[in-house]
Amino acid sequence: MDSPSLPPSSSSSHPTTAPPEQQQQLQPLTTPSKYLHSSRLRVEPNDAFLREEGTHRAWLLRGVNLSGSGKFPKHPVSQPSHVGSTHFLPPHPSTSSSLVAKSGVEAHPDADVNEKDGAHGESDHHHSPSVNEPLTKEGKLNNNTEDNTPISFVGRPFELDEADEHLARLRHWGFRMIRWVVTWEAIEHQGPGIYDQAFLDYTVKALLKAKEYGFKVMIDFHQDVWSRFSGGSGAPLWTFHLAGLDPHHFAATGAAAVHNTLPASEPLLRMVWLTNYYKLACATMFTLFYAGRILAPQCTLNGLNIQDYLQQHFLDAIAALVDRIHACRDPHTGKHLLEDSVVIGYDSWNEPSCGWIGLARLDVLPDQHDMRQGDMPTPLQALMLGEGMVVRDVATYRLELMGPVKKGSRTLDPSAHSSVASSSGKAIKAWLTKDLRDAYDARYGIRRDAGFPKAGECLWAQHGVWSVKDRAVLQQDYFMVGPRGGGSGLQSINWVRDHWLPFAKKVIDTVRKTHRSAILFLEPPVYVPPPNLSKGHRHDHNTNSSLTTNMVYAPHHYDDLVLLTKRYLGWINIDLLGLSRGRHSSLFGSIVFGPKKTKALFGKQIHEIQQECSQRLGQRPVLIGETGLHFDVGLSKKKQAGQYATKSSTTTVAKNVPFKPTKQFQKAFDNILGGLDRNLVHYTLWNYTIENDLQNGDGWNGENLSLFSRGAKDGSPPGIPQDLDKGGRAVEQFCRPYPVATVGRPIRIEFDRLGPVFRLWTISPSTAAMTATGSEAEKQRRSKEATEIYVPRIHFPGGPQGTAVRVSDGTWEWDTEQQLLYWSYGPARLKTSSATVQHEHWIEITRKTKTTK
């Protein structure tokens, strides 16, 4: 078979620096027919399931996020959050004008370039190997470069020569859906408008591997607290420089709690990364990104407000990936090899934040800043720390069993921070000095307007938010009503309606310029209900149509108390969803007592999410884009990821020990998975990380949610050998039977893994209704359709011989190799309504006896 045709190397609308001759031909595509599911899935009106084109079967999506390691680069060295070096945060460029263009970073494509000289008139402009060099034959980045090789995400989520192992394992576990993690930084880390062509090529190759195993993929544009350099993932380093921020001083000024720069003497506080949403670095960036035109009108560069500049570059980076996927075609037929058959849609943006937009006061900790751990400065205190001031009475919190508890307060002095070698009597600020900002501007081709806030000083102070001299707020409601509000009665800024939603529309509009049939997986901000886009609501009609057509609602939902504390007691929990919806007046009032109520809580919350979607967005599929659990729930702190005893003269971390889930973990995970099953909701578990180990978990801020770990010997129960289960954790819990594709639609599923026994109820159009329309061939085809059920070998190892199968009607066939049961209906009990005549069916699958090794 000939190689698929390559995407173009450049586009007039999306600048790039890679010449066509450096693009790599993709390897021939070999797709095992046993895995191939090339049918497009589509969203139909008033339907909670995705429909398979051709058969019209209802798909129930079960999948996984791939991968947590997609948040950080792999080259020139892997950079998980516990690793700190100049590879994480490179030194500032020389401020000497003669060296600015020799930084090893390409100039902005729009910068003035002389044929004779380099960018901005400097000669000997450096080549950037990791951006423009091709991959090796094995699909790996060529690392035969100098030590200053820029970062690369090539190899995320896996090296191509390892793809078969991991994709075969995920397919073996019954997953058909992948939420594919891609960050803005992975595409545009080198500078504005410069795309990592090697990463785009690699991603196409990796998606073609996913095609071989029949996966459907949703591309997730991922971020957490804006960027790696503010303690999370997502945006490139240059975005901070654009805003005039200096990540080298984030630790000293408390602008962000970053694991990579945490001094060895300081412990990693559990889930402290979440508090960065409220701190100076992340809050400033999201505020500028969504509402810069209103709240930072002076921040204009290259003829654009910083809001428009940031948004356009993010959208262009998205377009670069979409274009590359779109251009992957069969060289003979011209047919798309990835679009629709594999990549079915795109997430609107992972867990977006409002920054400080909407705050009514700046001198107190806002109620909405409810995740509190470690130092928790008020917005005013954060602004003061950013200016290098000594700030007293900064509240300190500790995360306890029932949530954050204030433990006291302390004084913070940026100049005295352990990360500061010597301040030389100068204030240590979170803002770039003029020389440094000018150097970065030259590197990136940035031309700031004359009125742009001065370098080395707080841009919010220069917009009249607060007084540096008086250390006082000048306009408390600045982020609520804008710079001319001042209590004058102007309407409050509505972030969801006027900022987040229009940008979500820009994302899908950008995607659909190229991939017209792409599904939008609309992800709301965490704990924010979906926008009301029902008919007759006040949103613009065109916005409604763009967002609601071919859209899946894709919020995230975790058992947050267990996620935050890594403990599950079974008799007490907190209804944070209800608290966010106003059903409880306080955190104390949201406490749920009793084993039955605690066990049922997660499922009830999922049902509530589905109801909200139906009421505000109409009946449509709901996919929980992220859910899961730390695998070290219930372990002592010393054995939890990020806290595990490290290698020393007397102790060595075990690398290959069987994973033994605690009883706390088992109960909590069963509650989550059972709640998802009971509501017939689509989901993608967080996550599958290849590099997970006992000491550092997923390699990101002490999280440990990966279904796979190299340190786990075998995920199968004793007596059931499964090579593909090696490395799996709690496989017997998350590997569950379910209807992959149903004739009609599923109406109920039950699974008792201790039996084990699986039951499924479905409803389908009657034979008369099915054959009332369509050609004779269509009628015959429909009569032969079968409901496809994944029946995992780990629970039913004996296949049809060791299993009792009972059906209400029809016949079944069992493909033991693929772990699939095909059920064809026969005549069944009629269920009628005013509109349709339908049949109800059921099937029960029970293991007869245990199979021993």
Side-chain angles (χ1 to χ4, degrees), residues 32-37 59-64 164-178 210 212-215 658-661 666 669-670 673-674 676-677 683 685 688 706-709 712-742 746 749-760 786-807 811-823 843-853:
S33 59
K34 64 183 181 181
Y35 286 135
L36 186 59
H37 270 281
W59 274 55
L60 181 61
L61 298 178
R62 293 283 188 264
V64 66
D164 290 303
E165 173 197 347
H166 299 293
L167 293 171
R169 179 176 290 116
L170 292 174
R171 175 77 187 209
H172 167 75
W173 287 342
F175 297 124
R176 299 293 184 89
M177 179 73 174
I178 294 175
E212 293 181 22
Y213 290 86
F215 284 106
F659 170 71
K660 295 180 180 179
Q666 289 178 320
F669 207 24
D670 278 343
L673 296 167
L676 296 166
D677 276 354
Y683 63 80
L685 296 174
Y688 183 99
S706 176
L707 305 179
F708 174 83
S709 178
K713 279 188 174 180
D714 194 340
S716 304
I720 305 177
Q722 301 285 349
D723 290 342
L724 286 173
D725 287 337
K726 186 174 292 186
R729 304 195 289 179
V731 180
E732 70 279 5
Q733 289 188 263
F734 70 75
C735 190
R736 307 164 74 84
Y738 73 99
V740 176
T742 303
I749 59 176
E750 291 180 357
F751 176 54
D752 176 5
R753 69 178 180 86
L754 300 179
V757 57
F758 173 73
R759 300 182 183 92
L760 165 67
T787 291
E788 182 178 328
I789 304 170
Y790 170 67
V791 185
R793 193 175 297 120
I794 195 170
H795 292 296
F796 302 95
Q801 289 74 34
T803 308
V805 180
R806 298 172 57 230
V807 296
T811 59
W812 54 268
E813 294 181 50
W814 195 317
D815 184 335
T816 54
E817 180 186 0
Q818 295 304 307
Q819 305 177 88
L820 293 173
L821 186 148
Y822 297 94
W823 174 28
I843 185 170
E844 180 184 80
I845 305 171
T846 308
R847 189 166 80 190
K848 292 179 181 177
T849 58
K850 285 189 176 181
T851 300
T852 57
K853 189 174 181 180

When you look at Phe751 and His795, which way does the ring pair (Phe, Tyr, Trp, His ring centres under 6.0 Å) test go after all the steps?
CA-CA 11 Å; Phe751 176 54; His795 292 296; 5.0 Å; yes
With salt bridge (charged side-chain N to carboxylate O under 4.0 Å, His left out) as the criterion, how do Arg171 and Asp164 come out once you've worked through the C-alpha distance, each side chain's angles and the decisive distance to 0.1 Å?
CA-CA 10 Å; Arg171 175 77 187 209; Asp164 290 303; over 6 Å; no
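Note that the CZ atom of Phe734 and the OH atom of Tyr683 stand 9.5 Å from one another [nearest 0.5 Å].
Heavy-atom minimum distance, Val740 versus Arg176: CG1-NH1, 3.3 Å. Between Leu724 and Ala168, the shortest heavy-atom distance links the atoms CD1-O, 3.9 Å. Between Asp677 and Ile749 the shortest heavy-atom distance is O-CG1, 3.4 Å. Residues Gly799 and Thr816 come closest through the heavy atom pair CA-CG2, 4.3 Å. Contact between Leu60 and Tyr738 at its shortest, heavy atoms only, is O-CE1, 3.4 Å.
Applying the ring pair (Phe, Tyr, Trp, His ring centres under 6.0 Å) test to Tyr688 and every residue at least two apart in sequence or in another chain returns His166, Phe708. Asp815 pairs by the salt bridge (charged side-chain N to carboxylate O under 4.0 Å, His left out) definition with nothing, not counting sequence neighbours. Gln666 is linked by a side chain to side chain donor-acceptor pair (under 3.5 Å) to nothing, counting only residues two or more places apart in sequence or in another chain. Residues satisfying the side chain to side chain contact (heavy atoms under 4.5 Å, CB included) test with Glu750, not counting sequence neighbours, are Arg748, Arg759, Trp761. Contacts of Asp752 classified as salt bridge (charged side-chain N to carboxylate O under 4.0 Å, His left out), with partners at least two apart in sequence or in another chain: none. With sequence neighbours excluded, the residues satisfying side chain to side chain contact (heavy atoms under 4.5 Å, CB included) with Thr811 are Ser824.
Panel note: side chain Arg729, backbone Ser706; a donor-acceptor pair is recorded below 3.5 Å.
When Leu167, Asp725, Asp723 are each tested for a side-chain contact (heavy atoms from CB on, under 4.5 Å) with His172, only one passes: Asp725.
Between Trp812 and Trp814, the ring planes lie perpendicular to each other; the angle is over 60°, past the 30° to 60° tilted range.
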